[in-house]
Amino acid sequence: MDLPASLLHPARAPLTPALRALRLCLHLLMAGLLALAALRADSAAGTVLALVTGAVYAAGSYLPSVRESQRAAAVWLGALGVSWLAMLCLTPEALWVAFPLYFLQLHLLPVRWSLPAVTLTAVAAILSYVGHGAALNPGVFIGPLLGAAVAVATVLGYQALYRESERRRRLIEELIATRAELAAAERHAGTLAERERLAREIHDTLAQGLSSIQLLLRAAERALPPGSPAAGHIDRARQAAQDNLAEARRFVRALSPPDLEHGSLAAALERLCEPGVGDYGPAAGPYGPGAGPRVRFSVSGTPVELPTPYEVALLRIAQSALANTVRHAAASRAEITLSFMDASVTLDVVDDGTGFEPGSMRPSSDGGFGLPAMRSRAESLGGTFTVESAPGQGTAVAVSLPLPAGV
């Protein structure tokens with residue numbers, strides 16, 4: 001039990017002011033009682049043994065091995081006990097030293113050893129007092145036993161209070177760490193949301209505007225008569241619009257979600273289906289850590305390169321649909337299908353969970369995307385969003401986005 005030993009040994013644990021005061025009181029008590037026994041000893045041998053006991057005590061208080069090893073502390077306690085027993089045989093005044101010995105035994109030994117040691121020490125004190133010819137009275141028995149009981153109650157009570165204090169301290173540290181993690185997660189989520197918003201804004205305003213300017217300049221260039229002096233200016237303007245359109249698209253790609261930075265939408269959706277991967281967090285659902293529905297991904301049709309806002313919207317909708325499946329559906333299986341058709345791209349997320357009544361759903365309050373947000377994402381790109389479900393019959397979420405011209 002390293003903690004209570006810090007009362008005697010400062011190397012075992014950091015000393016608070018209260019512990020430092022208790023340790024000083026213990027040293028003073030031991031020194032005072034040994035001095036009393038030495039002064040009132042009937043023989044020089046008793047005085048010498050009192051001094052030897054004091055030397056053993058002082059050595060144990062400062063030897064590094066005793067401070068660092070419980071076994072060494074037990075050996076030191078044994079040596080101190082033998083010296084004290086020898087002193088008991090010579091002078092009855094030595095029995096008062098039993099009281100600080102109680103504290104040392106309770107501090108340095110495990111409970112299964114310290115309680116028997118305290119009991120034996122109290123019995124030795126009583127027997128020595130009787131052996132030196134003192135008259136028998138209740139105080140002979142009550143004194144050592146009461147002292148032992150007070151020492152046991154004090155030390156065990158202190159240990160219980162310290163354990164509770166340490167538990168509260170660890171809980172506070174965990175709460176502070178959790179709060180910091182939540183703040184970091186919120187900042188990260190806010191950063192990602194702002195990046196997506198900027199990407200949509202750049203795509204829907206600057207990029208679309210520059211694309212329209214380029215088309216208009218191309219039409220104006222075709223309408224000019226041959227040899228017109230304005231042809232060169234229009235060509236340079238069209239080239240500048242094309243360069244700025246490429247730069248705007250580069251910004252949109254740089255602001256896309258990290259899941260799409262190193263691969264296609266299909267690859268990001270496939271990674272989302274791997275066990276323990278994805279923002280939907282399998283452990284957050286009713287399955288327990290590391291568990292969750294088996295998710296399969298498939299692609300239908302011939303994949304084409306989609307605009308970044310399309311990829312972001314489809315990925316976030318898939319993540320949100322899977323989050324709902326894990327948290328609420330209690331499903332064993334789910335399937336994500338990405339379908340490329342001639343004029344549209346479709347994403348389907350189907351599970352075999354408990355299902356629900358779509359008309360009874362309310363906006364999500366747990367910080368997730370929720371069905372209204374998924375619908376808003378799809379409709380902002382001119383697409384459609386549908387949910388099919390019934391109690392006990394699973395859920396199917398489908399989003400269809402029209403492919404832009406030229407894709």
Side-chain angles (χ1 to χ4, degrees), residues 189 191-215 242 244-273 277-280 295 297-325 334-350 368-387 396-407:
T191 300
L192 291 180
E194 183 64 13
R195 287 174 59 174
E196 291 182 25
R197 187 189 69 80
L198 290 175
R200 288 197 300 270
E201 292 294 332
I202 293 173
H203 178 270
D204 296 340
T205 57
L206 294 178
Q208 296 292 353
L210 291 170
S211 181
S212 299
I213 291 171
Q214 189 178 12
L215 292 175
Q242 183 176 352
N244 281 273
L245 177 60
E247 185 71 8
R249 286 173 173 167
R250 187 183 67 81
F251 285 146
V252 170
R253 285 193 300 271
L255 292 170
S256 62
D259 301 301
L260 299 172
E261 289 181 356
H262 306 291
S264 64
L265 172 63
L269 291 173
E270 188 170 6
R271 286 195 300 273
L272 191 66
C273 298
V277 178
D279 293 342
Y280 56 91
V295 186
F297 172 71
S298 60
V299 179
S300 174
T302 303
V304 297
E305 185 175 354
L306 298 173
T308 298
Y310 278 51
E311 293 186 336
V312 172
L314 292 173
L315 177 61
R316 292 308 190 208
I317 290 173
Q319 289 173 327
S320 184
L322 277 181
N324 288 341
T325 297
E335 184 169 351
I336 300 177
T337 304
L338 182 65
S339 303
F340 293 91
M341 291 172 269
D342 294 337
S344 64
V345 57
T346 302
L347 176 74
D348 297 284
V349 181
V350 182
F369 292 109
L371 294 177
M374 287 188 268
R375 186 183 304 277
S376 176
R377 280 185 180 274
E379 293 177 350
S380 68
L381 296 174
T384 60
F385 178 82
T386 58
V387 178
V397 172
V399 56
S400 179
L401 302 178
L403 291 176
V407 176

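Keep in mind that the numbers below use all heavy atoms, side chains included, and drop hydrogens, waters and symmetry copies.
Rounded to the nearest 0.5 angstrom, L265 CG and L347 CG are separated by 7.5 Å. Interatomic distance, E270 CD to L338 CG, rounded to the nearest 0.5 Å: 11.5 Å. To the nearest 0.5 angstrom, T346 atom OG1 is 10.0 Å from F340 atom CZ. Taken to the nearest 0.5 Å, the CG atom of L269 stands 8.5 Å off from the CD atom of Q319. Taking CE from M374 and CG from N324, the interatomic distance works out to 5.0 Å, rounded to the nearest 0.5 Å. Rounding to the nearest 0.5 Å gives a distance of 7.5 Å between CG of L401 and OG1 of T384.
For Q242, the side-chain contact (heavy atoms from CB on, under 4.5 Å) criterion is met by Q214, R238, Q239, not counting sequence neighbours. For the side-chain contact (heavy atoms from CB on, under 4.5 Å) test, residues two or more places apart in sequence or in another chain that qualify with S300 are S339. For E335, the side chain to side chain donor-acceptor pair (under 3.5 Å) test picks out R296, with sequence neighbours left out.
R375 places a side-chain N or O within 3.5 Å of a backbone atom of F385 that can act as its donor or acceptor partner. Within the 3.5 Å criterion, the main-chain N or O of I317 finds no donor-acceptor partner in the side chain of S320.
For the residue pair F297 and C273, the shortest heavy atom distance occurs at CB-SG, 3.6 Å.
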Applying side chain to side chain contact (heavy atoms under 4.5 Å, CB included), run through L314 and L306 and close with a yes or a no.
CA-CA 10 Å; L314 292 173; L306 298 173; 4.0 Å; yes
Hey, mind stepping through I336 and L322 against side chain to side chain contact (heavy atoms under 4.5 Å, CB included) and telling me if it holds?
CA-CA 9 Å; I336 300 177; L322 277 181; 3.6 Å; yes
